[in-house]
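In what follows, residues are counted from 1 in the order of the sequence shown.
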Amino acid sequence: MVALGLQATHLIAPQKLPIRKQRTFSNIVIRCSIAEPSGEPAPLGQKTKYNDGLFAKAFMGLFARKMEKFAAAPKAGTEPKKGVFDYDYESFVEVSKRVMQGRSRFQQQQVVRQVLLSMLPPGAPAQFRKLFPPTKWAAEFNAALTVPFFYWLVGPSEVVEVEINGVKQKSGVHIKKCRYLENSGCVGMCVNMCKIPTQDFFTNEFGLPLTMIPNFEDMSCEMVYGQVPPSFEEDEASKQPCFAEICSMANPNSSVCHKLQA
C-alpha cells in the first residue's frame with residue numbers, strides 16, 4: 001500500500017513552489033496529526049487518535065473505493081459508501097478485511113498489486129525506474145518522502161541510518177506504531193495486504209529494493225530502502241501467531257497466523 005502514495009508523491013509534489021508555499025501545502029493539505037495529548041502514539045493495547053486532513057481522507061477513500069471492487073459484500077444492514085470522502089480510516093481497514101475473505105495469501109497480495117497498478121498513470125513504473133535507479137541517493141530520497149506522505153497510512157515515522165552491504169546510509173524509516181496494524185489488529189493483514197505487496201511492488205515494479213520489518217511486540221516497523229527482501233519462507237514475519245486477544249479473525253489454537261498459511 002505504501003507504494004501507491006509514494007509514486008503519487010513524485011507526480012503531484014509541488015517541487016517548484018517557493019519554500020513558504022510548500023510548507024503551506026504540507027501543513028494544510030497533507031495534514032494528519034495525532035490527537036493524543038502526548039503527541040505520541042497511544043500505548044500498546046490502546047488505539048491512537050488522529051486528526052486526518054484533506055489529503056489523508058482523499059487517499060483513504062481512493063484506496064477503499066478501488067478495493068471495494070474485490071471485497072466481499074458488507075454485513076447486512078450496513079449502508080454502502082459511495083463518495084471518496086465517505087470513508088474514514090476505520091472503514092478503509094474494514095474494506096481491507098473484506099478483501100481477505102475467501103482468498104488465499106497469494107490472492108490477497110495480487111489484489112493489492114492490481115489496486116496499486118490501477119491507480120497509477122500508464123507507464124508510471126517505467127518512469128520511476130528512470131528517475132530512481134537503485135542507488136544510495138534514490139533509496140535515501142524515497143525514505144525522506146515516506147515520512148510526511150505516509151503519516152496518514154502508518155502514523156508518525158522518522159528517517160534512520162541503516163547499513164546495506166557495508167555502506168551506511170539514511171534510507172531507513174522507523175514507524176513508531178503502525179496505524180494499519182494498530183487498527184486492524186491482524187498479523188495476516190499486515191503481512192499479506194501491506195508488507196509483502198509493498199516490498200514486491202517497489203522491488204519488482206519500481207526496481208528499487210525495499211524490505212519491511214514489522215515488530216509485532218510493539219507494532220512498530222522498519223522500512224529499509226535499498227535492501228533486497230528475503231523470501232517469504234525465510235522471513236520472520238511468516239512465522240508470527242495471531243493477535244489472539246485483539247483480532248476478530250484470530251485462530252488462537254494455531255502457532256502461526258492462519259492467514260499466513262493459506
Find the distance between [atom1] ([X]) and [atom2] ([Y]) and round it off to the nearest 0.5 Å.
| X | Y | atom1 | atom2 | answer |
| --- | --- | --- | --- | --- |
| Met212 | Phe202 | CE | CZ | 9.0 Å |
| Gln101 | Gln108 | CD | CD | 10.0 Å |
| Phe150 | Leu145 | CZ | CG | 8.5 Å |
| Met219 | Ser184 | CE | OG | 7.5 Å |
| Lys97 | Cys186 | NZ | SG | 7.5 Å |

message: Taking the ring centre of each residue, are Phe201 and Phe206 less than 6.0 Å apart?
response: yes

query: Ring centroid separation for Phe132 and Phe141, is it under 6.0 angstrom?
result: yes

[Y] backbone acceptor or donor facing [X] side chain under 3.5 Å:
| X | Y | answer |
| --- | --- | --- |
| Ser238 | Phe232 | yes |
| Gln110 | Gln107 | no |
| Ser254 | Cys257 | no |
| Asp235 | Ser231 | no |
| His258 | Met249 | yes |
| Arg103 | Val99 | yes |
| Asn183 | Arg179 | yes |
| Glu140 | Lys170 | yes |
| Arg98 | Ala71 | no |
| Thr198 | Lys195 | no |

Is there side-chain contact between [X] and [Y], with heavy atoms separated by less than 4.5 Å?
| X | Y | result |
| --- | --- | --- |
| Val173 | Glu222 | no |
| Leu181 | Phe243 | yes |
| Val162 | Lys168 | no |
| Cys190 | Phe216 | yes |
| Phe59 | Phe92 | no |
| Ile164 | Gln169 | yes |
| Leu210 | Val224 | no |
| Leu260 | Asn192 | yes |

Do [X] and [Y] sit in the same hydrophobic cluster, where Ile, Leu, Val, Met, Phe, Trp and Tyr count as joined when their side-chain heavy atoms come under 4.5 Å apart?
| X | Y | result |
| --- | --- | --- |
| Met189 | Ile213 | no |
| Val154 | Val160 | no |
| Trp137 | Met223 | yes |
| Leu120 | Leu153 | yes |

Go through the side-chain N and O atoms of [X] and [Y] and say whether any donor and acceptor fall under 3.5 Å apart.
| X | Y | result |
| --- | --- | --- |
| Ser91 | Asp88 | yes |
| Tyr225 | Thr211 | no |
| His174 | Glu158 | no |

For the student: nearest non-hydrogen atoms of [X] and [Y], plus distance:
| X | Y | result |
| --- | --- | --- |
| Ser96 | Met67 | OG-CE, 3.5 Å |
| Gly185 | Cys247 | O-CB, 3.0 Å |
| Ser255 | Pro241 | O-CB, 3.4 Å |

- prompt: Going through the checks in order, is the side chain to side chain contact (heavy atoms under 4.5 Å, CB included) test met by Gln114 and Phe70?
  reply: CA-CA 10 Å; Gln114 288 180 260; Phe70 302 93; 4.0 Å; yes

- prompt: Phe63 and ring-ring contact (aromatic ring centres under 6.0 Å, His included): which partner among Tyr87, Trp152, Tyr180?
  reply: Trp152

- request: Would you sort out whether Glu182 and Lys177 count as a salt bridge (Lys or Arg N to Asp or Glu O under 4.0 Å), showing the intermediate values?
  value: CA-CA 7 Å; Glu182 178 184 41; Lys177 187 183 183 187; 2.8 Å; yes

task: Might you work through the salt bridge (Lys or Arg N to Asp or Glu O under 4.0 Å) test for Glu40 and Lys176, ending with a clear yes or no?
output: CA-CA 9 Å; Glu40 294 292 326; Lys176 296 181 179 181; 3.4 Å; yes

query: Going through the checks in order, is the salt bridge (Lys or Arg N to Asp or Glu O under 4.0 Å) test met by Arg65 and Asp86?
result: CA-CA 10 Å; Arg65 291 184 70 185; Asp86 288 343; over 6 Å; no

query: Pro134: what forms a side-chain contact (heavy atoms from CB on, under 4.5 Å) with it, not counting sequence neighbours?
result: Leu208, Pro209

field: Full working for side chain to side chain contact (heavy atoms under 4.5 Å, CB included) between Ser220 and Ile175
entry: CA-CA 5 Å; Ser220 66; Ile175 299 169; 5.8 Å; no

message: Walk me through whether Met100 and Met193 qualify under side chain to side chain contact (heavy atoms under 4.5 Å, CB included).
response: CA-CA 8 Å; Met100 296 180 73; Met193 300 289 288; 4.1 Å; yes

task: Could you give me the CA-CA distance, side-chain angles and deciding distance for Val256 and Gln240, then say whether side chain to side chain contact (heavy atoms under 4.5 Å, CB included) is met?
output: CA-CA 5 Å; Val256 177; Gln240 290 296 319; over 6 Å; no

query: Between Glu205 and Arg113, does a salt bridge (Lys or Arg N to Asp or Glu O under 4.0 Å) hold up when you go through it step by step?
result: CA-CA 10 Å; Glu205 299 292 339; Arg113 179 179 178 275; 2.8 Å; yes

field: Heavy atoms from other residues, nucleotides or ligands near CD of Glu161 exceed 12 (cutoff 6.0 Å)
entry: yes

query: If you count the non-hydrogen atoms of other residues, nucleotides and ligands that lie under 6.0 Å from NZ in Lys239, is the total more than 12?
result: yes

